[in-house]
Amino acid sequence: MPTNKKPGKWRSRTLAVRTGTLRSGFQETSEALFLTSGYAYEAAEEAEARFKGEIDGYQYSRFGNPTVTMFEQRMAALEGAPVARATASGMAAVSATLLSALRSGDHVVAAKAMFGSCRHVIEEILPRYGIGNTLVDGGDVDQWQSAMRPETKILFLETPSNPTLSIVDLKAVAKIAHKGGARLVVDNAFATPSLQRPFEFGADIVVHSSTKYIDGQGRALGGVVLCKEDFLKDHLQSFIRNTGPSISPFNAWVHLKSLETLDLRMRAHSEGASAVADFLATQKNVTRVLYPFRPDHPQHNLARAQMEAGGGVVAFEIEGGKPAAFKVANALKVIDISNNLGDAKSLITHPETTTHQKLTPAARAELGVTSGLMRLSVGLEDPADLCEDLEQALKVA
Ligand SMILES: *Cc1c(COP(=O)(O)O)cnc(C)c1O
């Protein structure tokens, strides 16, 4: 069997490079890509024993694959989670978590400010199976408490949220969940384990879209569910094995190797975003800038208590609504117009007409998604070039 280096009391940058290494007999230094769907057995008796679970070993890559295992072990080490399961995308991670945890008659409480597809799963898909929901303003702890019912099983949130970067108090919401006998699920895609580890604040399950910052270069889709052993054994394991949202070993390998530089990249994204946010705040036709570590962010203190840096996303409002916002976007020469985020390349999107287009105007207003709002995912370019690009584009509007 392959060997795995034993983590001592390593710090996160060492964990990111040295855990999840399962070195094969060839003693390769870089983690191997096991692009295989199946596995052979020495004898029929061995196949029988592996299927019975009497001996360890892989059977089929829908159930497990050595490259995928390395990615899962490294993610678990970084988030401080007992176990992890990788999935084909972030949405596969979210839907596998919710569908495996819930049954007819159960109830979910979730923050309104949520990635669009997560809202679709909770508001449109779960009710078909008799699973109810209440959406709350995530920043208002009292709303979480009053939404609780005896049948509430899951509380779901992301922080910072998309696109207005509002912060949810993880400790307070975890306490409400546990008092009510429910589990808190946190979507940690925006912060990543480099900047925020929700398990330290009481989360029970963390989900990721590794498509974003974990990949970091906009190449491959992927997702991860991190949880405790009981949730894996009682809910997630058999759901994933039998419904098949498994990640490709190739994508898992890309994301595994990307974890080695995650911490360096998140620091650089945060430094860049912070500089761009400060620059935008000085511009005449920018009416509002939202960035978690700026003192004018409404939950600035909470952000600093939960996060190690402000992350790579900045939201800002341009005076003149949609026509002005479109003019600015179209005048940018470095920054690309794209609804993706977490790339080395800076990407800008107009949430009202793209990521949040399917919401009603009232729902958008509740989230602060106005006609002039832009979401900028600050990449790894020199922040001075990004500020110059924004400056010339803002002059056009
Ligand atoms: C992108 C994203 C998802 C969905 O992930 P995919 O990998 O695109 O399926 C979920 N949550 C958040 C916060 C995201 O940004």
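Counting convention: from 1, in listed order, for ligands and their atoms alike.
- Listed by atom number, the atoms of ligand 1 under 4.0 Å from Phe190 heavy atoms are 15 (O).
- Under the 4.5 Å side-chain heavy-atom criterion for ILVMFWY residues, no single connected hydrophobic cluster contains both Phe115 and Val186.
- Atom 7 (O) of ligand 1 has its closest protein heavy atom at Thr211 OG1, 2.6 Å.
- Distances from ligand 1 to the non-hydrogen atoms of Asn162 include no value under 4.0 Å.
- Using a 30° and 60° split on the angle between ring planes, Tyr60 and Phe63 fall in the perpendicular class, above 60°.
- Scanning the protein for heavy atoms near atom 12 (C) of ligand 1, the closest one is Asp187 OD2, 3.3 Å.
- With a 4.0 Å heavy-atom cut-off, ligand 1 is reached by the backbone of Met91 and by its side chain too.
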Check the pair Leu102, Val108 against side chain to side chain contact (heavy atoms under 4.5 Å, CB included), reporting the backbone distance first and the verdict last.
CA-CA 9 Å; Leu102 298 164; Val108 178; 3.5 Å; yes

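- No side-chain N or O of Asp343 forms a donor-acceptor pair with one of Gln217 less than 3.5 Å apart.
- Using a cutoff of 4.0 Å between basic side-chain nitrogens and carboxylate oxygens, Glu72 and Arg85 are scored as salt-bridged.
- There is no side-chain donor-acceptor pair under 3.5 Å between Arg23 and Thr29.
- For ligand 1 and Glu158, the ligand atoms under 4.0 Å from any heavy atom of the residue are 13 (C).
- In terms of protein heavy atoms, atom 14 (C) of ligand 1 is closest to Lys212 NZ, 2.9 Å.
- Within the listing of ligand 1, atoms 7 (O) sit less than 4.0 angstrom from a heavy atom of Gly222.
- Under the 4.5 Å side-chain heavy-atom criterion for Ile, Leu, Val, Met, Phe, Trp and Tyr, Leu264 and Tyr213 are members of distinct hydrophobic clusters.
- For atom 4 (C) of ligand 1, the closest heavy atom belonging to the protein is Phe115 CE2, 3.4 Å.
- The closest protein non-hydrogen atom to atom 6 (P) of ligand 1 is Gly90 N, 3.4 Å.
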